[in-house]
Amino acid sequence: MRTGPDGVAGTNFALWAGGAEAVELCLFDAAGTETRLALAELTHEIWHGFVPGVRPGQRYGFRVHGRWDPWTGARWNPAKLLLDPYARAVDGDFALPPQVYGHVRDWPQQHVADTVRDERDSAPYVPKGVVVHDDDDWADDHRPKTPWADSVIYELHVRGFTKRHPGVPEELRGSYAGLAHPAALDHLVSLGVTAVELLPVHQFAHEDHLLRRGLRNYWGYNSIGYFAPHAAYSASGTAGQQVGEFKRMVRALHSAGIEVILDVVYNHTAEAGELGPTLSLRGIDNRGYYRLQQEARRYADYTGCGNTLHVVQPQVLRLITDSLRYWVTEMGVDGFRFDLAAALARSMHDVDMLSPFLAVIAQDPVLRRVKLIAEPWDVGRGGYQVGAFPPLWTEWNDRYRDAVRDFWRGALPDVRDLGYRLSGSSDLYAWGGRRPYASINFVTAHDGFTLRDLVSYERKHNEANGEGNRDGTNDNRSWNCGVEGETDDPRVNALRRRQLRNLLTTLLVSTGVPMLVAGDEMGRTQHGNNNAYCQDGEVGWVDWSLLSEPGPGSLLALARRLLALRHRHPVLRRRAFFSGRAQGADGLRDLAWFTAHGAEMTERDWYGPTATLGLYLSGRDIPGRDAVGAPVVDDSFLIVLHAGSAPAAFVLPGAPWAQRYEVVVDTSLEEQEAAPEAAHTGGTRVTLPARSVLVLRVAS
């Protein structure tokens, strides 16, 4: 909003629509009455105009005129009201009746239905953009600016995290305001995480196949508005109030010392393939925004969602980078996790680490300073790119996930891969100046089993999704501990609780940046559903009642204990890769590996199957300096992982590694705080309980 030359306040509207013949701005009053105004000014393919009297709260959309020729990719249809790609707020839901499709959806010859233009008006059935006045300068906000090496990420869903939280007022549950409530913040702060990674909060739409089954897209990976906070997560209103509520949430998290990272979906939109609805970009310039096949009627699909944004095009690249900068500078966020980032890195067809998108990010003065996380794959040919993204980027490391899962279920043929994963994945990231924190370590994510389900199910149970249990991966690398699903068997449940402690401990003592999933720290279950993208209910929401049970309470206490340990000890948060070489005359190295016999591992040991592995981290040889320029010195630790089904002997390394060890964590124990203090002399043999982790601090 601004003031025009005649002194009357109003709003400037602009829309890039290359190839269009005309653009109309459509204003809607409270009763839904539409007023159409032609945008007569055209500059560099941008249709624009200043409209006096239009103030914040005004609902609007566009109609774009042009040729209808799907065979060449032209799909203009002025009967369809289109959402402004730059709308700061969106009011209303996408219900997807036939009227919102640019083609005649029920055409008798379905194989050519997408080529027949539908002339029905979609305006009564689609949400509208909302004019928002933004004069917030963020002067009172203080970003935590947590260094990557010190970061601990907590992946959560804005709605699902607080929807069942008893400490959050009912009217705020499931909203941005609910996440900002002290009861929600207290959990995050007491747990010890430094950043929340929010599942998509860009305005998104629900897929038609879900709506027909009475379901909704819960996760939100179906974006349609890249500047607008999803309106359904607002407790204060949807006529622009969602913007202020989101900002207040960010401020509250920052005040608690927690950064905000957004999971963003710029690889595709909710308009799907050629049989999808016409909601925004398709009707503005289909050929300009989307990758099309040689037969331009069809879409190139590297995402598995029907379409792929054509990021090589300048206007698409501008849309994405303008959106990213907006969320940083105007909405206060601290970073982004890019869904299917390999699709964004494609030039014409192949993934290219010198692609326009990556080049623009690398030189942008705003974006190169925030946290950047790649999901380093897509579903197209050559799309798996773990370890290939350039400096500045971190990556979800699924090889860490697979190696740790396989070790604890007894499925690793040897421990070569595990050794790399526990020590920062230097085989993947030790190039181009990248650091260990380039690896985002995770055992679970929103996509797949929860931690509890990982030790309770060997098969997915996605029947509630209504897709015949065909959806979701079959490669779960899980072990149910002898019984599929929930059981009353105390021995099975005790084993499962121990496996939870093993997985959690392994994650939080590994080198790299750990990522937890909301609820895993207290044993949340999705009852075997490993693809709960459409489960907007108790299956998908965090169950806070678990904290009243003894098992989840002790797991939460362990998570807090481990994160506090990580926070206190820089040896667990290394900023440089290990060298593995002796740093002094005594032969002590910054990293050493031991067999159960107390001897350093040989090359042959790495190639043989083993259930027991010792990892020594030296606090004496940490690269870098502290805030006053002094060398960083810390305690040293020995971490022993034993995945065997029976107890085993382990000889603790003696001099020069240690004279004495103190037990910090023993996952064979249900309660860590109540455990008696234990100390062992170097060179002595200890008995490792079946399936357990020992974390020992070198005492002298």
Side-chain angles (χ1 to χ4, degrees), residues 88-90 93 153-189 191 193 195-206 216-238 240-256 258-265 270 327 331-337 339 373 445-447 450 515-521 524 526 532-544:
R88 269 38 174 187
V90 177
D93 281 330
I153 296 173
Y154 189 79
E155 189 191 37
L156 66 81
H157 189 286
V158 168
R159 177 172 167 83
F161 186 66
T162 61
K163 192 61 180 174
R164 301 178 69 183
H165 198 305
V168 176
E170 188 169 355
E171 67 273 14
L172 300 182
R173 294 177 189 172
S175 69
Y176 304 118
L179 182 53
H181 190 272
L185 296 176
D186 286 349
H187 180 79
L188 299 172
V189 172
L191 182 57
V193 300
V196 291
E197 183 176 302
L198 307 181
L199 266 69
V201 295
H202 287 165
Q203 185 69 40
F204 63 86
H206 306 288
R216 297 163 63 86
N217 187 316
Y218 172 58
W219 286 349
Y221 291 90
N222 205 38
S223 300
I224 196 61
Y226 290 130
F227 290 77
H230 189 60
Y233 300 158
S234 173
S236 54
T238 60
Q241 298 94 332
Q242 60 265 52
V243 178
E245 185 176 328
F246 183 93
K247 291 179 179 180
R248 291 189 292 274
M249 175 198 72
V250 173
R251 277 189 172 87
L253 286 160
H254 284 178
S255 295
I258 297 171
E259 293 184 303
V260 178
I261 298 171
L262 302 188
D263 195 335
V264 289
V265 188
W327 286 96
M331 302 297 272
V333 307
D334 306 286
F336 305 94
R337 179 265 188 188
D339 180 66
I373 306 171
H446 68 275
D447 188 2
T450 66
M515 184 183 77
L516 295 168
V517 178
D520 271 358
E521 74 277 14
R524 184 177 76 90
Q526 292 178 169
Y533 79 105
C534 57
Q535 295 301 317
D536 187 7
E538 292 189 358
V539 170
W541 302 340
V542 173
D543 181 5
W544 294 93

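This structure is a prediction, so every number in the text was calculated from the model and none was measured.
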Quiz item: Quick one: does His165's side chain get under 4.5 Å of Val542's, heavy atoms only?
Solution: no
Quiz item: At their closest point, which heavy atom of Glu521 faces which heavy atom of His187, and how far apart are they?
Solution: OE2-NE2, 2.7 Å
Quiz item: Is a donor on one side and an acceptor on the other found under 3.5 Å between the side chain of Asp334 and the backbone of Ile261?
Solution: no
Quiz item: Taking atom OG of Ser175 and atom CD of Gln242, what is their separation to the nearest 0.5 Å?
Solution: 12.0 Å
Quiz item: Do Asp93 and His206 meet the criterion of a side-chain donor-acceptor pair at a distance under 3.5 Å?
Solution: no
Self-check item: Short side-chain to backbone donor-acceptor contact, Arg173 and Val168, under 3.5 Å
Solution: yes
Quiz item: Looking only at atom types and distance, does a side-chain atom of Trp541 sit under 3.5 Å from a main-chain N or O of Gln535, one as donor and one as acceptor?
Solution: no
Self-check item: Verdict with supporting geometry, Met249 and Val201, side-chain contact (heavy atoms from CB on, under 4.5 Å)
Solution: CA-CA 13 Å; Met249 175 198 72; Val201 295; over 6 Å; no
Self-check item: For Leu179 against Ala184, the heavy-atom pair lying closest together
Solution: O-CB, 3.6 Å
Self-check item: Derivation and outcome, side-chain contact (heavy atoms from CB on, under 4.5 Å), residues Leu185 and Leu253
Solution: CA-CA 7 Å; Leu185 296 176; Leu253 286 160; 3.5 Å; yes
Practice problem: Report, as yes or no, whether the 6.0 Å neighbourhood of atom CZ on Arg216 holds more than 12 heavy atoms from other residues, nucleotides or ligands. | Solution: no
Quiz item: Counting only heavy atoms not in Glu171, do more than 12 fall under 6.0 Å of its CD?
Solution: yes
Practice problem: First locate atom NE2 of His230, then atom OG of Ser223, and finally report the distance between them rounded to the nearest 0.5 Å. | Solution: 10.0 Å
Quiz item: Considering the options Phe227, Tyr226, Phe246, which one meets the ring pair (Phe, Tyr, Trp, His ring centres under 6.0 Å) requirement together with Trp327?
Solution: Phe246
Quiz item: Can you tell me how far the CE atom of Met331 sits from the NZ atom of Lys247, to the nearest 0.5 Å?
Solution: 6.0 Å
Exercise. Measure from the side-chain N and O atoms of Thr162 to the backbone N and O of Gly174, and report whether any donor-acceptor pair falls under 3.5 Å.
Key: yes
Self-check item: Atom of Val517, atom of Ala445 and distance for their closest heavy-atom approach
Solution: CG2-CA, 3.4 Å
Exercise. State whether a side-chain donor-acceptor pair under 3.5 Å links Gln526 with Thr450.
Key: no
Quiz item: What's the shortest heavy-atom distance between Ile258 and Val196, and which atoms?
Solution: CG2-N, 3.8 Å
Exercise. Verify side-chain contact (heavy atoms from CB on, under 4.5 Å) between Ile153 and Ile373, making sure each step is shown before the conclusion.
Key: CA-CA 11 Å; Ile153 296 173; Ile373 306 171; 3.8 Å; yes
Self-check item: Partners meeting side-chain hydrogen bond (donor to acceptor under 3.5 Å, both in side chains) with Ser255 (sequence neighbours left out)
Solution: none
Quiz item: Nearest heavy-atom pair of Trp219 and Asp447: which atoms, and what distance?
Solution: CH2-CA, 3.7 Å
Self-check item: Validation row, ring centre His157 to ring centre Tyr233 under 6.0 Å
Solution: yes
Quiz item: Any salt bridge between Arg524 and Asp543, counting N to O under 4.0 Å?
Solution: no
Self-check item: Asp536 side chain to Tyr218 backbone, donor-acceptor under 3.5 Å
Solution: no
Quiz item: Between the side chain of Glu197 and the main-chain N/O of Asp263, is any donor-acceptor distance below 3.5 Å?
Solution: no
Practice problem: Check the pair Leu199, Glu155 against side-chain contact (heavy atoms from CB on, under 4.5 Å), reporting the backbone distance first and the verdict last. | Solution: CA-CA 7 Å; Leu199 266 69; Glu155 189 191 37; 3.6 Å; yes
Practice problem: Identify the two heavy atoms, one from Glu245 and one from Ala177, that lie closest to each other, and give their separation to 0.1 Å. | Solution: OE2-N, 3.0 Å
